[in-house]
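Reading through the structure tokens given below for one structure.
For this chain, numbers begin at 1 and follow the sequence in order. What you see is a predicted model; the values in this text were computed from it and never measured.
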Amino acid sequence: DSSDITVVENYTANKYAAPNKELFGAAKGKNIIKIHLESFQSFLIDYKLHGEEVTPFLNSLVHNESKNFTYFDNFFHQVAQGKTADAELIMDTSLYPLPQGAAFVTKGNNTYQALPAILGQKQDYTSAVFHGDNKSFWNRDEVYKQFGVDKFFHSKYYDMNEGNTVNYGLKDKPFFKQSIPMLKSLEKPFYAHMMTLTHHHPYLISDKEASIKPANTGDPSVDRYFQTARYLDESLKQFFKDLKEAGLYKDSVIMIYGDHYGISENHKKAMKQITGEKITDFKHTQLQRVPFMIKVPGVDGKGTVHEYTSQMDVMPTMLHLMGIKANNYIMFGTDMFSKQHKEYVVFRDGDFVTPKYTMADGNFYDNDTGKPIKEPTKNMKEMAKKVRHELELSDNVLYGDLLRFYEPSKSWKPVDASEFSYIKKAE
Ligand code: GP9
Ligand code: MN
């Protein structure tokens, strides 16, 4: 009931990290372009295959050649069975995914206080999602209404002819190309979420479009993983060029993230060849890093930041950049740029990572040596308990639909799902 939300509120209020003064409001009123890198793990960054960089364009952003980007090299995904949908949930609500199923599907009619709705209500942002797949995949066309997403450009908005599609849907190059006029059509300021798709298991690409040879581990999906990553990298390079030509680059926040792993734990043998190291439970957990990088107009990029961060932290970070206090809402993450940012990364199964040690498959490991910690300290055990408690509180929010009972402290109007529709006219 409504008293349960008070317990959650007390917890998140206590975890809150106050904004970094230099950045609070730094991106207020700027367009936000959020770019989803499907199945992209951080080990691809700077990786060389056959003596070549796999993702030269992303590497150039990481190395801050434009002096604009900040890259977090210790950023982790936190998804569970909901995969892409979980990443979307975590980043737009700062709640944990569910232990079973996808909240997008099973809790698609819940009340949310999501980033698109907050930006819409407080700063008159238009929010839009771009994705070349059927609108009902992952129940997006229902849950986006609860999130307050104004426009959803799905498969019906794109030319999905045979040459343009592979695997789940639209190829990334035509996706970005065709998205430009739709992006231009949005009322400003906008919050646009561009969701790529080609770099998705089983990593299908034609010989003609593959510009790097597969790896040669003998594990076909691992071997092709590098080819679709290269294709994604090329599509991004083209998108940046097109954004510049459209006059949408300079004055926009650009945020790039990986949604989850692409190589599951069923490929440990091949991954040993790729990384040169045996894939222990510890190593597997460390491989759950995905890229996170951001450019804020008028703010110098910081290059590479080593703070331990996760998808959960994105929403409070964005709110603070927009000049909106994150403690007005229920959020389990903390602002990545805050001096008080909480440096522990929680996974759905109760495992977690801190800068010094890691819990992997229920066991503690030392990050420096990768060896098990025989006698975990009292602090470590308490941390493990805290992590499970935090997951339980978040689950209570979703299972009990508790945000129905929570009134954000400043001028909040509950989202009315019936005001949104994603049916394309003449569909
Ligand atoms: C489908 C795409 C893939 O629209 O989001 O989802 P995933 O399989 O990665 O969850
Ligand atoms: Mn995905």
side-chain hydrogen bond (donor to acceptor under 3.5 Å, both in side chains) assessment of Asn59 paired with Thr55: CA-CA 6 Å; Asn59 295 349; Thr55 58; 3.1 Å; yes

Whether Phe153 and Phe130 hold their rings parallel, tilted or perpendicular, with breakpoints at 30° and 60°: parallel

Phe76 and Phe347 aromatic ring geometry - parallel, tilted or perpendicular at 30°/60° bounds: perpendicular

Residue pairs involving residues 164-190 (criterion ring-ring contact (aromatic ring centres under 6.0 Å, His included); sequence neighbours excluded): Phe137-Tyr168, Tyr158-Phe175, Tyr168-His200, Phe176-Phe239

Check: Ala128 main-chain N/O paired with Asp150 side-chain donor or acceptor under 3.5 Å: no

Pair Lys171 + Glu209: basic N to acidic O under 4.0 Å: yes

Donor-acceptor under 3.5 Å (Asp92 side chain, Pro116 main chain): no

Parallel, tilted or perpendicular, as decided by the 30° and 60° cut-offs, for the rings of Tyr112 and Phe147: perpendicular

Pair Arg404 + Asp401: basic N to acidic O under 4.0 Å: yes

Aromatic ring proximity Phe72/Phe337, centre distance under 6.0 Å: yes

Full working for side-chain hydrogen bond (donor to acceptor under 3.5 Å, both in side chains) between Thr217 and Asp223: CA-CA 6 Å; Thr217 67; Asp223 290 351; 2.6 Å; yes

Ring centroid separation Tyr144 to Phe152 under 6.0 Å: yes

Tyr203/Tyr225 aromatic ring centres below 6.0 Å: yes

Sequence-distant partners of Val7, side chain to side chain contact (heavy atoms under 4.5 Å, CB included), two or more places apart: Leu393

Residue pair Glu38 / His36, side-chain donor-acceptor N/O under 3.5 Å: yes

CG/Asp124: more than 12 non-hydrogen atoms of other groups inside 6.0 Å: no

Those residues that, when tested against Ser221, pass side chain to side chain donor-acceptor pair (under 3.5 Å) (two or more places apart): none

Basic-acidic side-chain contact under 4.0 Å: Glu390, Lys386: no

Whether His320 and Tyr16 hold their rings parallel, tilted or perpendicular, with breakpoints at 30° and 60°: perpendicular

Whether Phe364 and Tyr357 hold their rings parallel, tilted or perpendicular, with breakpoints at 30° and 60°: tilted

Pair Tyr71 + His63: ring centers closer than 6.0 Å: no

Flag, side chain of Arg388 to backbone of Gly350, donor-acceptor distance under 3.5 Å: no

Parallel, tilted or perpendicular, as decided by the 30° and 60° cut-offs, for the rings of His199 and Phe40: perpendicular

